[in-house]
Amino acid sequence: MSVVLTKSRALNALRAYANYALSRCGSVHFRSPFAIRHSPLFVSVEPANVCQLRCPECPVGKGYGLQVTGYKTMPMDVWERVLAEVRETAWVMQFYFQGEPLLNKNLPQMIAEAHAAGLYTIVSTNAQALTKPMAEALVNSGLDRIIVSMDGLTEASYGAYRIGGSLEKCKEALRHLRKAKEQSPITNHQSPIIELQCLRLKTNEHEWATFKKQYKALGADRLVFKTAQLYDYTNGHPMMPSDKKYSRYIKGNDGLYHRRALGKGCFRVWSGVVVTTNGEVLPCCYDKAHAHAYGNIMRAPMRELFTNERAMTFRRAAYKEQPQICKECYK
């Protein structure tokens, strides 16, 4: 990682892990709303909450929740407040949540500012707006890792999920990134890491082996397969892979599909937050409807939001009965 290690970051990380360990032990420390004395280790900001595509299992693609923030892209005053609040103690800044980050024209500047603050930076994109100038701007911003979503190797398999997108644009974007990385006088060909990400779907399962053979030729440094989150899965789903070990859902004795069980006590809600386009602070990326917001960064400091009663109430619930978003999670 290219994160700059500082005393304040190291101390904050030690406090985060200690507090989490105490919570797992059922300590009284866990039950006090004033017990936490650390700030987020990672922050996911939402550069944009809109997208060009209509992916069928994405809240944005399905048209859910687009009016909850009132902004399409994150204003710079919100971004500057977030960075000012977390730059001394956070380790990682992710630039993605609901929408397509590259639709925010200020994204390269935001990444450059986070990089200058010594944070490890990551962006995830569908690559449809990843033109040659954008690729060069991202590479020269100091970006550490870029995730490019490609869920098929033909227009048919790709378009089955990435509705409205173009596979050729995605491939061209990878070429732009690779060339910009090789020609950059700043990064010495080392960054950003170009990660090709593929959802395991029924529509592309015949291409998984080919992905493994071709990802480097496409311009990526690494390949990551991910299981897909599906919404209407109880009776099965047409995009569910044939081999169910690559699915988040398992068929029960009742003949219905259920989400695979996860353990309780998620570290994610002790170590990070999501900040939406208008500054709402959420516990994690599964709070897509903003149902558990801690408050707004434009009205209170991050440290106060991260330790307030709303935050502690959510962590207690996540540890015990688990809110619906925790039941939907697949770490």
Visitor: Is the closest side-chain donor-acceptor distance between Q214 and T210 under 3.5 Å?
Guide: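 On atom types as modelled, these side chains do not qualify, holding no pair under 3.5 Å.
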
Visitor: Check the side chains of Q109 and W79 for a donor-acceptor pair under 3.5 angstrom, ignoring hydrogens and angles.
Guide: no

Visitor: Report yes or no: is the cationic atom of K288 (NZ for Lys, CZ for Arg) closer than 6.0 Å to the six-membered ring centre of Y286, at no more than 45° off its axis?
Guide: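 Here K288 passes the 6.0 Å and 45° test against Y286.
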
Visitor: Can any side-chain N or O of T313 pair as donor or acceptor with the backbone N or O of R310 at less than 3.5 Å?
Guide: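 Looks like no, no N/O pair under 3.5 Å.
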
Visitor: Mind checking who shares a hydrophobic cluster with L11, ILVMFWY linked at side-chain heavy-atom distances under 4.5 Å?
Guide: none

Visitor: Classify the angle between the aromatic ring planes of F267 and Y20 as parallel (below 30°), tilted (30 to 60°) or perpendicular (above 60°).
Guide: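 Answer is perpendicular, since the angle exceeds 60°.
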
Visitor: Under the 3.5 angstrom rule, does the side chain of H38 hit a backbone N or O of W270 as a donor-acceptor pair?
Guide: yes

Visitor: Do T73 side-chain atoms and P47 backbone N/O form a donor-acceptor pair below 3.5 Å?
Guide: no

Visitor: Is there a donor-acceptor pair closer than 3.5 Å between any side-chain N or O of N49 and the backbone N or O of G99?
Guide: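 No, because the side chain of N49 does not come within donor-acceptor range (under 3.5 Å) of the backbone of G99.
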
Visitor: Is it true that the side chains of N126 and S149 contain a donor and an acceptor less than 3.5 Å apart?
Guide: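 Absent: no donor and acceptor within the cut-off.
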
Visitor: Picking from R200, K226, R162, what satisfies salt bridge (charged side-chain N to carboxylate O under 4.0 Å, His left out) with D151?
Guide: R162

Visitor: Can you confirm whether the side chains of D144 and S191 place a donor and an acceptor under 3.5 Å from each other?
Guide: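 Result is no, nothing qualifies.
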
Visitor: Please test Y257 against Y233 for ring-ring contact (aromatic ring centres under 6.0 Å, His included), starting from the C-alpha separation and ending with a verdict.
Guide: CA-CA 6 Å; Y257 284 89; Y233 59 82; 8.1 Å; no

